[in-house]
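Remarks on the structure that follows.
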Amino acid sequence: MYKVIDTHCHLDELDDIDSVISKSQDAGVVALIACGLDYASNNVVLELASKYKNYVYAAIGVYPWTIPDASDNLDREIQFVADNIDSAVCVGEVGLDYKKQLVTRASKDQQKEVFAAMIDIAVKHDKPLSIHSRYAWKDCLALVSDAGATKAVFHWYTGPSSVLRGIVEGGYHLSACLAAEYHYEHKRAVKDMPLDHLLLETDTPVHYQDHQAMPADTVRVLNAVCELKELDHQQVADRTTANAKQLFGLSIA
Ligand SMILES: [Zn+2]
């Protein structure tokens with residue numbers, strides 16, 4: 001059995017978390033990073049991290065899709081992250097999303113303002129960022145690097161090779177998800193990303209084609225990465241797990 005870490009999942013969105021965790025432990029998943037999206041889910045992931053200490057770690061942040069509904073409370077959303085970041089290992093899930101349905105409700109400028117506030121918290125507290133960058137890959141990279149952030153994970157990356165080069169040059173990380181089994185751009189990114197900056201994730205409970213991801217699927221992601229990079233399982237598991245422990249400062253053996 002290989003030891004792997006699910007570096008990006010939404011554990012708070014699941015029922016029967018005890019059984020999800022025991023299944024993921026049985027599959028070899030040695031830690032999970034549970035990402036919040038807004039005030040409510042940030043509170044839940046912090047509770048989960050204290051309940052399942054040294055197994056579940058929290059990432060807290062204000063997600064771009066949170067902005068429209070939270071527009072009257074954005075300051076509170078941001079302040080909560082600033083006030084509680086010491087109990088989390090990461091600022092996430094944060095970023096920009098230029099999908100039309102969102103941009104009409106939360107402008108690019110408004111999204112950038114919130115993301116900049118998240119980057120600011122990460123830089124001040126020396127925490128990594130877990131970044132959602134759909135159709136906004138270039139702007140995400142520019143904001144992160146211009147702010148002097150040194151630790152960032154581009155999660156489920158499907159952007160162009162030119163931006164990927166900037167991610168590599170900036171010393172940032174990329175996390176592979178189950179899209180590594182079938183999605184052209186994500187496969188190319190995973191293939192091109194050096195192993196020493198690659199992580200594994202599931203983005204649970206997202207549906208990939210006809211399959212709903214669970215943290216135990218981190219092992220399936222490992223398989224897909226090994227196939228794409230033509231490397232053996234032990235090497236990829238060891239390296240990605242070490243990368244995650246180091247980046248997030250996880251206190252597991
Ligand atoms: Zn996510």
Side-chain angles (χ1 to χ4, degrees), residues 4-15 17 20-21 24 29 31-46 48-49 56-70 77 81 85 88-99 101-102 106 111 114-115 118-119 121-122 127-137 140 144 151-159 167 172-181 183 185-186 189-190 198-209 211-218 220-221 224 240 244 247-248:
V4 292
I5 296 177
D6 185 352
T7 61
H8 184 122
C9 63
H10 298 278
L11 203 57
D12 60 294
E13 295 177 19
L14 302 176
D15 300 324
I17 292 173
V20 170
I21 285 181
S24 66
V29 181
L32 307 174
I33 299 190
C35 295
L37 305 169
D38 56 18
Y39 181 79
S41 60
N42 286 332
N43 270 289
V44 178
V45 297
L46 288 169
L48 291 171
V56 174
Y57 295 86
I60 55 173
V62 183
Y63 184 57
W65 288 82
T66 297
I67 297 171
D69 292 332
E77 292 274 353
V81 177
I85 193 59
V89 296
C90 178
V91 176
E93 179 172 354
V94 296
L96 304 171
D97 192 326
Y98 290 171
K99 199 173 179 178
Q101 286 118 290
L102 182 61
Q111 291 190 38
V114 172
F115 186 33
M118 294 294 112
I119 297 171
I121 294 167
K127 300 279 183 184
L129 293 137
S130 194
I131 299 174
H132 172 102
S133 56
R134 181 161 46 186
Y135 309 138
W137 308 289
C140 280
V144 166
K151 301 176 186 173
V153 185
F154 286 78
H155 121 88
W156 195 339
Y157 182 82
T158 55
I167 292 171
Y172 303 124
H173 288 69
L174 188 130
S175 54
C177 65
L178 275 176
E181 291 180 348
H183 190 286
E185 278 83 10
H186 188 60
V190 169
L198 194 66
L199 305 169
L200 308 178
E201 61 146 314
T202 63
D203 207 13
T204 294
V206 156
H207 281 84
Y208 296 87
Q209 296 181 316
H211 175 72
Q212 183 178 25
M214 286 292 144
D217 290 318
T218 314
R220 223 173 112 173
V221 180
T240 53
L247 181 68
F248 298 106

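Counting starts at 1 for both ligands and their atoms, following the listed order. Note that the numbering runs from 1 along the sequence shown for the chain.
Between the side chain of Glu77 and the main chain of Tyr39, a donor-acceptor pair closer than 3.5 Å is present. Not a single donor-acceptor pair under 3.5 Å links the side chain of Tyr57 to the backbone N or O of Thr7. Here the side chain of Asn42 pairs a donor or acceptor atom with the backbone of Gly61 at under 3.5 angstrom.
Among Leu178, Val221, Asp217, the one residue that satisfies the side-chain contact (heavy atoms from CB on, under 4.5 Å) test with Tyr208 is Leu178.
To the nearest 10 degrees, the angle centred on the Zn ion (ligand 1) between OE1 in Glu93 and NE2 in His8 reads 90°.
Looking at Asp203 and the Zn ion (ligand 1) together, the shortest N, O or S contact belongs to OD1. Sorting the N, O or S atoms of His10 by how far they are from the Zn ion (ligand 1) puts NE2 first.
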